[in-house]
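Just so we're on the same page: letters track the sequence lines, and every chain starts at 1.
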Amino acid sequence: MGETNEAALQPNASEALALSQALLAWYRAQRRDLPWRRTSDPYRIWVAEIMLQQTQVATVIPYYERFLARFPDVQALAKAELDEVLALWQGLGYYGRARNLHAAARLVCERHGGIIPSNPHEFRSLPGVGPYTAGAVLSIAFGQDEVALDGNVARVLCRLFNDDQDPRTAKGRKELRRYAQALLPPGQAGELNQALMELGATICLPRAPRCPACPLGVSCRARSLGVQEERPVAKRRGELPRREWVAALVEDEGKILAVRRRPQGLLGGLWELPGGEVLPDEEHPQALARILRVHLGLEAAVGEQLATVRHAYSHFQVKVHLYRCAVRGTPTPSGPWDGFHWLASEDYNAYGLTGVTLKALARLGFAVPGSPAGS
DNA sequence: TTCCAGGTTG
DNA sequence: CAACCTGGAA
């Protein structure tokens, strides 16, 4: 009695038990065999959770295997140069994750004797470890009864309890954490968290969820009401600003001039073709000559236009206009860059190149990784 | 071609 | 609250 329609109801203890048992049984039978599910090593589980932030499983797998083959433990990662870490992260995106993970590995070695801290406060304090990653690693690797609320879990819970709050708000997340907490079977939080994530990734999909295959069946309140595709509440996405960039292909004896972006901010620490934003009312060749002169100290003769490449970042989209350039002088990086290198074909995997650089080089016929000519 | 999903940081 | 990337689906 006293039922209100303000917020969805919390499950009582027996409902919660039935739901979590159904989820665990389904997960044991249906879970995908993923590399990070074959280990109990907290380091490997941590690396996986960082890579899986904002990134799909299928994309992560090859990166994960290469990364752990090269850095099998936290000491190996701590000893490495950031350049090499970023090279292994090349193409995975959100490079701040790699910079933070590398810095965190060094902190673990300096402050925790090379042992990943299982103390929630200490682990959560490492750079790149937020509420989700802390909950995931602490529950999966250390067996602690912690909630791990990621996008998949939020979607599952919004539907299961027909929660019409926006999970991006503090209030919405608090509500979802209460549901997740109510479901956690003591001692099996890691398994339940993974079951919820697996359900979100394989059955309870953002669009066209596969409800007939769902182990929660008629317990799902949104499905019972036929509103599963309206949960979580839709988010609108505004137009991304459009920018115009120019970039130079400078070749010397078969090598290509590349520059390294400063370690902070967009694509920090990654290598790219020299170039930058075109000013309002500026001609492309003038813009390119200006950038090469001001930030590299090079006098450039801008030649033919070679191609235009489109790319979308998190908060804007660009068209990059590529020009062949001849230059005089030795590059002296400044401004957006802190290094340069004449890139040979064998360097394409050893330097962390930006996605748009890979796209540009592929378009120009260079055998970069990921391009048809490069495999 | 366009749209969308997704954790942490400063 | 804006910055931060890419790939997969519509």
Side-chain angles (χ1 to χ4, degrees), chain A residues 46-63 86 89-104 123-138 146-158 166-170 172-173 176-177 193 196-197 200-202 204-210 229-243 245 261-272 308-320 352-360 362 369-371:
Chain A
W46 176 28
V47 169
E49 292 301 339
I50 299 296
M51 288 189 170
L52 287 163
Q53 289 172 8
Q54 319 293 87
T55 311
Q56 298 196 337
V57 163
T59 304
V60 165
I61 288 175
Y63 284 89
L86 288 172
W89 212 272
Q90 170 179 293
L92 198 54
Y94 288 105
Y95 300 94
R97 296 181 296 170
R99 301 193 298 268
N100 284 332
L101 181 61
H102 181 238
F123 187 69
R124 173 69 177 76
S125 301
L126 296 170
V129 177
Y132 162 73
T133 305
V137 173
L138 292 171
E146 296 278 349
V147 166
L149 189 63
D150 72 352
N152 281 324
V153 174
R155 186 172 58 254
V156 169
L157 295 175
C158 275
D166 184 339
R168 293 164 302 168
T169 65
R173 278 195 305 277
L176 291 172
R177 293 188 71 84
N193 287 334
L196 286 166
M197 293 187 244
T202 62
C204 197
L205 304 171
R207 278 167 297 189
R210 303 168 51 213
E229 300 216 40
E230 294 153 46
R231 301 285 180 271
V233 292
K235 34 191 152 292
R236 64 180 189 293
R237 182 176 182 112
E239 282 278 293
L240 295 178
R242 294 158 194 274
R243 299 190 189 174
W245 288 357
R261 298 175 66 93
R262 285 175 303 148
Q264 310 86 0
L266 181 73
L267 305 168
L270 275 81
W271 294 82
E272 65 183 2
T308 296
V309 175
R310 279 172 227 279
H311 201 73
Y313 293 100
S314 50
H315 49 302
F316 64 93
Q317 48 187 317
V318 286
K319 274 198 289 197
V320 186
L353 302 174
T354 70
V356 77
T357 299
L358 289 167
K359 205 185 278 188
S371 72

Report task. For A/Arg207, answer base if it contacts any base atom (sugar-phosphate contacts may also be present), sugar-phosphate if it contacts only those atoms, and nothing otherwise; contact means non-hydrogen atoms under 4.0 Å. Result -> sugar-phosphate
Report summary line: Taking every heavy atom of A/Val156 against every heavy atom of A/Cys204, the minimum-distance pair comes out as CG2-CB, 3.8 Å
Requested in this report: Report yes if a side-chain nitrogen or oxygen of A/Arg168 is closer than 4.0 Å to either non-bridging phosphate oxygen (OP1 or OP2) of B/dG6; otherwise report no.
Outcome: no
Query raised in the report: Expressed in angstrom and rounded to an integer, what is the separation of A/Gln56 atom CD from B/dC3 atom P?
Result: 19 Å
**Report entry** Main-chain N/O of A/Val153 paired to A/Asn193 side chain as donor or acceptor, under 3.5 Å
**Finding:** no
Requested in this report: Using only heavy-atom distances, determine whether the side chains of A/Arg97 and A/Asn100 contain a donor-acceptor pair under 3.5 Å.
Outcome: no
Requested in this report: Could you walk me through whether A/Val356 and A/Val309 pass the side-chain contact (heavy atoms from CB on, under 4.5 Å) test, one step at a time?
Outcome: CA-CA 7 Å; A/Val356 77; A/Val309 175; 4.0 Å; yes
Query - Atom-to-atom span, CH2 of A/Trp46 to C1' of B/dG7 - whole angstrom - result: 16 Å
Query raised in the report: At under 4.0 Å between heavy atoms, what does A/Arg173 touch on the DNA or RNA strands: base, sugar-phosphate, or nothing?
Result: nothing
**Report entry** Intermediate values then yes/no, side-chain contact (heavy atoms from CB on, under 4.5 Å), A/Leu101 and A/Trp89
**Finding:** CA-CA 11 Å; A/Leu101 181 61; A/Trp89 212 272; 4.1 Å; yes
Report task. Could you tell me which residues satisfy salt bridge (charged side-chain N to carboxylate O under 4.0 Å, His left out) with A/Arg261, sequence neighbours excluded, listed by chain and number? Result -> A/Glu272
**Report entry** Separation of atom CG in A/Leu205 from atom C1' in C/dG8, rounded to whole Å
**Finding:** 13 Å
Query - Below 4.0 Å: OP1/OP2 of B/dG6 and any side-chain N or O of A/Asn152 - result: yes
Query raised in the report: Please give, in whole Å, the distance from C/dT6 C1' to A/Gln317 CD?
Result: 14 Å
Can you name the atoms? Protein N/O to nucleotides 2-5 of chain C N/O, anything below 3.5 Å, with the distance.
from: C/dC4; atom 1: OP1; to: A/Leu266; atom 2: N; distance (Å): 3.1
from: C/dC4; atom 1: OP2; to: A/His315; atom 2: NE2; distance (Å): 2.5
from: C/dC5; atom 1: OP1; to: A/Tyr95; atom 2: N; distance (Å): 2.7
from: C/dC5; atom 1: OP2; to: A/Leu267; atom 2: N; distance (Å): 2.6
from: C/dC5; atom 1: N3; to: A/Tyr94; atom 2: OH; distance (Å): 3.2

Report task. Round to the nearest Å and state the distance from A/Arg124 atom CZ to B/dG7 atom P. Result -> 14 Å
Report task. Would you check, one step at a time, whether the test side-chain contact (heavy atoms from CB on, under 4.5 Å) holds for A/Leu126 with A/Trp46? Result -> CA-CA 11 Å; A/Leu126 296 170; A/Trp46 176 28; 4.2 Å; yes
Requested in this report: Round to a whole Å and report the spacing from CZ of A/Arg310 to P of B/dT2.
Outcome: 8 Å
Query raised in the report: Can the ring centroids of A/Tyr313 and A/His311 be said to lie less than 6.0 angstrom from one another?
Result: yes
Report task. Could you tell me the separation between the CZ atom of A/Phe123 and the C1' atom of B/dT8, rounded to a whole number of Å? Result -> 13 Å
Query raised in the report: Taking it one step at a time, do A/Val137 and A/Val129 satisfy side-chain contact (heavy atoms from CB on, under 4.5 Å)?
Result: CA-CA 10 Å; A/Val137 173; A/Val129 177; over 6 Å; no
Report task. Provide, to the nearest angstrom, the distance between the CG atom belonging to A/Asp150 and the P atom belonging to B/dA5. Result -> 14 Å
Query raised in the report: Got a sec? Which of residues 126-134 of chain A come in under 4.0 Å of DNA chain C, heavy atoms?
Result: none
